[in-house]
Amino acid sequence: MAVLFRGCCRFPSSFSFGRVVLTCPVTPRLPLSAAAGVAAAARPYSSDSGGQKPKQTLVFVGIPNPVIWFRTKIYYFLIRAYFDREFNIKEFTQGANQAFVHVSRLLSQCQFEALEGLVAKDLIGKLEEKCSNLPQNYMKALSADPDKIMHTTAGDVGIYYADDGRKYVSILMRFWYLTSAQLPDDSLEGTRIFQVTVGEEGEAESKRLLTAHYEFQREFTKGVPPDWTITRIEHSKLLD
């Protein structure tokens with residue numbers, strides 16, 4: 001019988017959405033209190049060439065579950081102690097962001113052959129089938145630009161011991177990103193729509209905040225290449 005250790009619950013309990021606020025000027029004060037456990041990210045959006053007009057900044061504020069946050073810290077310690085002494089969640093998150101941007105772009109362009117080696121083979125076929133039925137605006141919404149990622153957090157952590165002695169670690173990452181794709185207001189449950197003012201005349205552009213779940217898995221059996229493979233992909237009701 002395979003043994004499975006899970007680091008925490010699914011995302012609705014591991015991270016609660018706080019709020020998205022559009023502020024001005026570009027340098028907001030974001031008090032990060034350890035007691036409050038607040039995670040925040042800011043992205044500047046518009047300014048004229050002379051730098052006279054203050055930029056607008058979108059501030060993402062989320063409140064993590066402190067119990068589950070502490071539990072994942074324990075699992076990071078176990079990974080370093082028994083699997084990879086050099087494991088660092090900050091470096092892993094940076095790599096996960098890069099993988100998310102690259103893979104989401106390939107998905108939006110239907111380049112499924114290019115996913116080989118990055119995404120599990122059985123998952124590629126499922127993604128191709130799902131994408132074949134998506135309209136063009138949904139396909140556009142799959143792609144995430146690096147500067148449009150508002151926040152990334154690690155959620156569900158798993159450690160697996162199989163019957164044949166193989167060892168696996170999986171980390172489920174959740175990404176919040178912005179898209180300007182035109183989507184029906186009632187089509188995507190749990191997303192947020194807001195207006196961002198751009199240009200000198202104050203034209204309003206609609207932005208939607210979407211979420212995506214990517215699960216990364218690596219086998220730590222001796223002699224196996226040290227590669228992380230994406231074994232699960234979900235996009236805010238676009239790909240479930």
Side-chain angles (χ1 to χ4, degrees), residues 1-16 64-104 106-107 110-133 142 144 152-175 190 211-240:
M1 177 182 297
V3 180
L4 164 66
F5 299 95
R6 301 301 293 181
C8 64
C9 304
R10 294 294 179 191
F11 276 111
S13 350
S14 65
F15 195 94
S16 60
N65 184 309
V67 175
I68 297 177
W69 176 87
F70 179 73
R71 189 183 302 173
T72 57
K73 292 294 183 181
I74 295 177
Y75 272 77
Y76 299 152
F77 169 77
L78 293 176
I79 293 174
R80 288 191 297 269
Y82 296 101
F83 297 94
D84 183 0
R85 294 181 179 179
E86 298 181 356
F87 176 81
N88 183 294
I89 188 57
K90 290 184 178 180
E91 294 179 357
F92 180 88
T93 300
Q94 292 175 355
N97 277 338
Q98 295 175 6
F100 171 54
V101 170
H102 182 60
V103 171
S104 67
L106 293 177
L107 280 177
C110 295
Q111 299 183 24
F112 301 104
E113 293 183 359
L115 295 176
E116 296 182 5
L118 303 173
V119 179
K121 292 183 179 180
D122 59 335
L123 181 58
I124 294 177
K126 296 177 182 178
L127 292 172
E128 186 172 2
E129 181 179 355
K130 292 180 179 180
C131 289
S132 64
N133 299 321
L142 291 177
T152 304
T153 185
D156 200 2
V157 181
I159 297 177
Y160 307 84
Y161 290 87
D163 294 334
D164 58 1
R166 294 182 178 274
K167 300 177 291 184
Y168 301 88
V169 170
S170 67
I171 302 177
L172 185 62
M173 304 294 294
R174 190 176 189 183
F175 307 89
T211 59
H213 303 163
Y214 279 50
E215 184 175 60
F216 297 82
Q217 185 181 93
R218 175 182 166 183
E219 183 176 353
F220 281 89
T221 308
K222 186 176 181 180
V224 175
D227 299 327
W228 289 91
T229 303
I230 299 173
T231 56
R232 172 183 170 188
I233 293 178
E234 295 178 357
H235 275 260
S236 294
K237 303 298 180 179
L238 299 173
L239 294 175
D240 287 340

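This is a predicted model, so every value here is computed, not measured.
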For Lys73 and Phe77, what are the C-alpha separation, side-chain angles and deciding distance, and is it a side-chain contact (heavy atoms from CB on, under 4.5 Å)?
-> CA-CA 6 Å; Lys73 292 294 183 181; Phe77 169 77; over 6 Å; no
Intermediate values then yes/no, side chain to side chain donor-acceptor pair (under 3.5 Å), Thr229 and Gln217 = CA-CA 5 Å; Thr229 303; Gln217 185 181 93; over 6 Å; no
May I have the step-by-step check of side-chain contact (heavy atoms from CB on, under 4.5 Å) for Val224 and Arg166, ending in yes or no?
-> CA-CA 10 Å; Val224 175; Arg166 294 182 178 274; 4.1 Å; yes
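Cys131 is listed as a side-chain neighbour of Phe112, based on a closest heavy-atom distance under 4.5 Å. At a threshold of 4.5 Å between non-hydrogen side-chain atoms, the residues Arg80 and Arg85 do not count as touching. By the 4.5 Å heavy-atom criterion applied to side chains, Arg71 and Val157 are not counted as neighbours. With contacts defined as side-chain heavy-atom distances shorter than 4.5 Å, the pair Val169/Phe87 does not qualify. The shortest distance between side-chain heavy atoms of Leu123 and Thr231 does not fall below 4.5 Å. Between Ile171 and Asp156 there is no side-chain heavy-atom pair separated by less than 4.5 Å.
Contact between Ala144 and Val101 at its shortest, heavy atoms only, is O-CG1, 3.5 Å. Nearest heavy atom pair, residue Ile124 against residue Val119, reads CD1-O, 3.7 Å. Nearest heavy atoms, Arg232 versus Leu172: NH1-CD2, 3.4 Å.
Phe175 has its ring centre no less than 6.0 Å from the ring centre of His235. Centroid-to-centroid, the aromatic rings of Phe92 and Phe216 come within less than 6.0 Å.
Atom-to-atom distance recorded for Lys121:NZ and Lys126:NZ is 15.5 Å, nearest 0.5 angstrom. Interatomic distance, Glu128 CD to Leu115 CG, rounded to the nearest 0.5 Å: 9.5 Å. With values rounded to the nearest 0.5 angstrom, Ser104 atom OG is found 9.0 Å from Ile233 atom CD1. Summarising the geometry, atom CG belonging to Asp122 is positioned 9.5 Å from atom CG belonging to Leu127; distances are rounded to the nearest 0.5 Å. Atoms CZ and CD, on Arg174 and Glu215 in that order, are 14.5 Å from each other to the nearest 0.5 Å. Note that the OG atom of Ser170 and the CD1 atom of Ile230 stand 13.0 Å from one another [nearest 0.5 Å].
The pair Lys167-Glu219 fails the salt-bridge criterion, with no side-chain N (NZ, NE, NH1 or NH2) lying under 4.0 Å from an Asp/Glu carboxylate O.
Across Ile74, Val67, Thr72, a single residue satisfies side-chain contact (heavy atoms from CB on, under 4.5 Å) together with Phe70, and that is Ile74.
Around OH of Tyr82, the count of heavy atoms belonging to other residues, nucleotides or ligands within 6.0 Å does not exceed 12.
Using a 3.5 Å distance cut-off with no hydrogens or angles, the side chains of Thr93 and Thr152 do not pair a donor with an acceptor.
Ring geometry, Tyr161 versus Phe83: the interplanar angle falls from 30° to 60°, so the pair is classed tilted.
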